[in-house]
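As a basis for the values below, the full set of heavy atoms in this structure was taken, side chains included, without hydrogen atoms, waters or symmetry mates. Chain naming here is simple, since letters A, B, ... match the order of the sequence lines and numbering starts at 1 in each.
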There are 2 protein chains.
Amino acid sequence: MISWSNLYRVVEAMVPLYAAMALGYASVKARAFTAEQCAGINHFVAVFACPLLIFRMLASNDPYAMNLRFLAADTLQKLVALAGIAAWARLARRGDSLPWVVTLFSLLTLPNTIIMGVPVLKGMYGAMSETLMVQIVVLQFAVWYIIVVFLLEYNKATNAAAVDVEAQNSANSDASSETARESPSAARILATAVKKILKLPNTYGSALGLIWSLIAFRFNVRLPAIIDNSLSIISVSAVGLAMFSVGTFMARRKRFISCGYKLALVAMVARFVVGPAAMVVASLAVGLRGVLLRVGIVQAALPLAVLSFVYAEEYSVHPDIMSTGVIVGIFLSVPITLIYYVVLDL
Amino acid sequence: MISWSNLYRVVEAMVPLYAAMALGYASVKARAFTAEQCAGINHFVAVFACPLLIFRMLASNDPYAMNLRFLAADTLQKLVALAGIAAWARLARRGDSLPWVVTLFSLLTLPNTIIMGVPVLKGMYGAMSETLMVQIVVLQFAVWYIIVVFLLEYNKATNAAAVDVEAQNSANSDASSETARESPSAARILATAVKKILKLPNTYGSALGLIWSLIAFRFNVRLPAIIDNSLSIISVSAVGLAMFSVGTFMARRKRFISCGYKLALVAMVARFVVGPAAMVVASLAVGLRGVLLRVGIVQAALPLAVLSFVYAEEYSVHPDIMSTGVIVGIFLSVPITLIYYVVLDL
């Protein structure tokens, strides 16, 4: 049984995240910050604080001691989810199934690992869970977000081709038959997706962090304190500023649940029930047991990654659902994560 | 003699401050941040990060174990400086002497204690120097900035009265004899100065921190971790963001030395030579010896407090000199502080 003091330690880890978010929310409501000023703080988080935090996380993680069984479970969960969504899309035979594939995949399998995952899991299962979260972060950036952006780019290219065909069919004007473009090849779409990912400072943070850790743990060298301190003076601000920024984002939305209650319910069930359930199946399949199993399940029940919303907004693919997923998800995550934490201990 | 490893530890404490500043400078030069976005970050520092940092500093400082001799030296230094400046103003018999009194007083006696003082002194003389810096911060807010703002408000009121008298004398029109206002009393000016100080979030940070410390160290209670963590999630960002903000401020100035080389030299000599010299005199007068004497002198040789520039800008009283004092001061402070550190150890 989890003791009250243990539970309190988890609450202790979560409340500061909410405090920072509430401060951001109140600041905008009290008109202490303009939209552009909020954008400045958000930009600082995205360009400097978060990438440096990711770098320091990965740089301090021993890549030669990765838990392959844990990563296998995480990978299998995402493949199971992808297969399930593909099967549903085939059965539903909807024309616009691709956007839904991306949205559901993000909701099911992409939790907020860096900002919420590490502090919350650390509060629950100690320092070892930080290492596990970092390993999931590596795969998130190296594999899964590339797939998400590939699907979004593919969807964009397909839509553009469809518009061209439509333009060719109606009135069959002289200009449109000339301007009709070919649908780009999958290889070109993949290249575009990789380029997108390469524009993210987080990508460099994780790539350089991984490279450095490969060198550091192979040759047993350490980052000089003078460099590490210079990185940490900025990176320590990441969690507080990111949650503050989420708060300002919430305050600037017109409605709390912008996609309607029905879709919000679907999003919440996908995030907090189906995603973790897929993780249970995948974990048991690869033989994950004990604390590792619990860490795997709880991290799968964290709120939606903010980056998923960023892409949804950029590609106009269900941004309202994703915004609800992030906002309501963060609100619900305290009780839900605690319930998972307690139930898994039984 | 100071060992190389000791000296390196001080550099280790200072370089991160410069790294954060350089990042801010480069960000603006690379057009990664707009002026309004920089204002957002600066506003965050001023309204939340800094006040919370001050609160946590003061809250963790035992007010019943203040070093009265150290504070007496600090107070005497400021009184000596004020007397010296007043004597100079009387001898110079300039009509516009009051603005110069404020500017010279700030240059001589108000160092950057919170953002640079604590980390740098901690790197030099260990944790005990943090406690001493905090005690100086208390006096800075409770006494010295109130005097500075009082003088600035007094200057403003005198100028307004002079304008009225001039208007009365020329063409002696019907409206101006009616609108002539009396020069406000010193009590009213003091009230305005206090009001100004009460508008500063830093004031609340230090007042509440002091009050809490008086309670906490009297009744031996501690801030619950859940509250302390909620404060620190924001306050940890203060030093990095403040230095970043100074960097963005530098990058947006047209010239590095906006007041001209001659005045810049005067400002630097005042800050880095005369101010510390006054501290030496005051310290010896009250019998300060050993490490306390060194801490006192080195802190007196820190760069100019950013808040002094803020007021200079607000009251249009030599903002160009103060901006140079802050910018060039921060640049010169590494070699100068290190020289003081090494020389004082001889």
Side-chain angles (χ1 to χ4, degrees), chain A residues 5 8-24 26-28 30 32-49 52-53 115 119 123 201 224-245 247-248, chain B residues 5 8-24 26-28 30 32-49 52-53 115 119 123 201 224-245 247-248:
Chain A
S5 74
Y8 182 71
R9 211 175 310 141
V10 176
V11 173
E12 239 175 44
M14 296 185 95
V15 167
L17 301 175
Y18 281 76
M21 190 173 72
L23 195 65
S27 299
V28 170
F33 285 84
T34 67
E36 176 79 359
Q37 288 181 334
C38 295
I41 291 169
N42 196 44
H43 195 49
F44 182 87
V45 174
V47 176
F48 296 126
L52 288 174
L53 178 66
I115 300 301
I226 207 162
I227 293 176
D228 198 42
N229 290 352
S230 296
L231 302 176
S232 75
I233 198 173
I234 298 294
S235 74
V236 287
S237 67
V239 176
L241 283 183
M243 293 305 292
F244 182 89
S245 195
T248 65
Chain B
S5 74
Y8 182 71
R9 210 175 312 141
V10 176
V11 174
E12 240 175 42
M14 296 186 94
V15 167
L17 301 175
Y18 282 76
M21 189 174 71
L23 195 66
S27 299
V28 170
F33 285 84
T34 67
E36 176 78 358
Q37 287 180 334
C38 295
I41 291 169
N42 197 43
H43 195 49
F44 182 86
V45 174
V47 177
F48 297 127
L52 288 175
L53 179 65
I115 300 302
I226 209 163
I227 292 176
D228 197 44
N229 290 351
S230 296
L231 301 175
S232 75
I233 198 174
I234 298 293
S235 74
V236 287
S237 69
V239 176
L241 283 183
M243 293 305 290
F244 182 89
S245 194
T248 66

>> So for B:Phe48, is it side chain, backbone, both, or neither that comes closer than 4.5 Å to the heavy atoms of chain A?
In response: side chain
> From B:Glu36 CD over to B:Asn42 CG, what is the distance, rounded to the nearest 0.5 angstrom?
Replying inline: 11.5 Å
>> Which atoms of A:Val11 are under 4.5 Å from chain B, going by heavy atoms: the side chain, the backbone, both sets, or neither?
In response: both
>> Counting only non-hydrogen atoms closer than 4.5 Å, does A:Ser232 touch chain B with its backbone (N, CA, C, O), its side chain (CB onward), both, or neither?
In response: neither
> Looking only at heavy atoms, what is the nearest atom pair of B:His43 and A:Ala32, with distance?
Replying inline: NE2-O, 2.9 Å
> So which heavy atom on B:Glu12 is nearest to which on A:Ala225, and how close?
Replying inline: OE2-CB, 3.5 Å
>> Which one wins on heavy-atom pair count under 4.5 Å against chain B: A:Val47, A:Val15, A:Val236, A:Leu23?
In response: A:Leu23
> Which region of A:Leu17, side chain (C-beta onward) or backbone (N, CA, C, O), has a non-hydrogen atom less than 4.5 Å from a non-hydrogen atom of chain B, or is it both or neither?
Replying inline: both
> Does any non-hydrogen side-chain atom of B:Val45 lie less than 4.5 Å from one of B:Phe244?
Replying inline: no
>> Only pairs of heavy atoms separated by less than 4.5 Å count here; which of A:Ser237, A:Pro16, A:Cys38, A:Ser27 has the most with chain B?
In response: A:Pro16
>> So that I know where these two stand, are A:Phe44 and B:Phe44 an aromatic pair - ring centroids less than 6.0 Å apart?
In response: no
> Does A:Leu241 reach the side chain of B:Leu241, with side-chain heavy atoms less than 4.5 Å apart?
Replying inline: yes
> What option among B:Ile41, B:Leu231, B:Val239 has the most heavy-atom pairs under 4.5 Å with chain A?
Replying inline: B:Ile41
